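Here is the structure we will look at.
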Amino acid sequence: VQLQASGGGSVQAGGSLRLSCRASGFSVDSYPIGWFRQAPGKEREGISCISNSDGSTAYADSVKGRFTISRDRAENTVYLQMNSLKPEDTAVYYCATDFETRCTVESTGWIPRYDYWGQGTQVTVSS
């Protein structure tokens, strides 16, 4: 199981970026895939996921309405379209998958932590 995230960069507030998470060793519709981020000095937080079973999606409140997760089976890739970016979105973004934990938003408001991680990609949003 391998995941490779890419697409990060530096943008001004209000701008957009699209992150990609390419999977290898498994199909993106075999297990849920989530996007997580970690800002300096903060804990890693789960912001979005897509279910393997029906393609349903979930979002943390902090990104709902601005970010969209999707998948392309032919490319075996999951995307995170990020619009209306804010300086507080600055973080290292990771994609991850899990064999048992489903795609959901927990009572904490975040996506639950997954077990298998790719390397991160830096997103920097300037004001």
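Predicted, not measured: the structure shown is a model, and the values here were computed from it.
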* Indicate if Val1 and Val78 have the same hydrophobic cluster label, given that clusters are the connected sets of ILVMFWY residues with side-chain heavy-atom separations under 4.5 angstrom. => yes
* **Transitive ILVMFWY side-chain link Val105 to Tyr94, under 4.5 Å** => yes
* To do: Sequence neighbours left out, what pairs pass disulfide (SG to SG under 2.5 Å) with at least one residue falling in residues 96-127?
  => Cys49-Cys103
Side chains of [X] and [Y] in contact at under 4.5 Å (non-hydrogen atoms):
X     : Y     : result
Tyr59 : Thr68 : yes
Arg37 : Ser62 : yes
Gln38 : Glu43 : no

* **Any residue meeting ring pair (Phe, Tyr, Trp, His ring centres under 6.0 Å) with Tyr116, in chain and number order, not counting sequence neighbours** =>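 So Tyr116 forms a ring pair (Phe, Tyr, Trp, His ring centres under 6.0 Å) with Phe99.
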Measure across [X] and [Y] and return the closest heavy-atom pair with its distance rounded to 0.1 Å.
X     : Y     : value
Ile47 : Val63 : O-CG2, 3.5 Å
Ser84 : Arg66 : O-NH1, 2.9 Å
Asn52 : Pro32 : OD1-CD, 3.2 Å
Ala96 : Phe36 : CB-CE1, 3.8 Å
Phe26 : Gln2  : CE2-O, 3.9 Å
Ala91 : Ala39 : CB-N, 3.8 Å

* Ring centre gap for Phe67 and Trp35 strictly below 6.0 Å ->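 Between Phe67 and Trp35, the centre distance exceeds or equals 6.0 Å.
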* To do: For this output row, return yes or no: ring centroids of Tyr31 and Tyr114 closer than 6.0 angstrom.
  =>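 No: the rings miss the under 6.0 Å criterion.
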Counting N and O atoms only, with roles assigned by atom type, does the side chain of [X] sit under 3.5 Å from a partner on the main chain of [Y], one being a donor and the other an acceptor?
X      : Y     : answer
Arg102 : Ser53 : no
Thr124 : Thr90 : no
Asn76  : Val28 : yes

Nearest 0.5 Å, please: how far is [atom2] in [Y] from [atom1] in [X]?
X      : Y      : atom1 : atom2 : result
Ser70  : Gln81  : OG    : CD    : 8.0 Å
Ile50  : Ile33  : CD1   : CD1   : 8.5 Å
Asp115 : Thr97  : CG    : OG1   : 9.5 Å
Asp61  : Trp110 : CG    : CH2   : 8.5 Å
Leu80  : Tyr93  : CG    : OH    : 7.5 Å

* To do: Determine, for Asp98 against Arg113, whether the closest basic-nitrogen to carboxylate-oxygen distance falls under 4.0 angstrom.
  => no
* **Salt-bridge contact Asp89-Lys86 (side-chain N to carboxylate O under 4.0 Å)** => no
* Asked: Quick one: does NZ or CZ of Arg71 land under 6.0 Å from the six-membered ring centre of Tyr79, within 45 degrees of the ring axis?
  ->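 Cation-pi check for Arg71 and Tyr79: fails.
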* Asked: Just checking, Arg44 and Trp117: is the charged tip under 6.0 Å from the six-membered ring centre and within 45° of the axis?
  ->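 Yes, cation above the ring, under 6.0 Å and within 45°.
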Between side-chain atoms of residues 4-23 and protein atoms elsewhere (two or more places apart, or another chain), which donor-acceptor pairs fall under 3.5 Å?
from, atom 1, to, atom 2, distance (Å)
Ser16, OG, Asn83, OD1, 2.9
Arg22, NH1, Glu75, O, 2.9

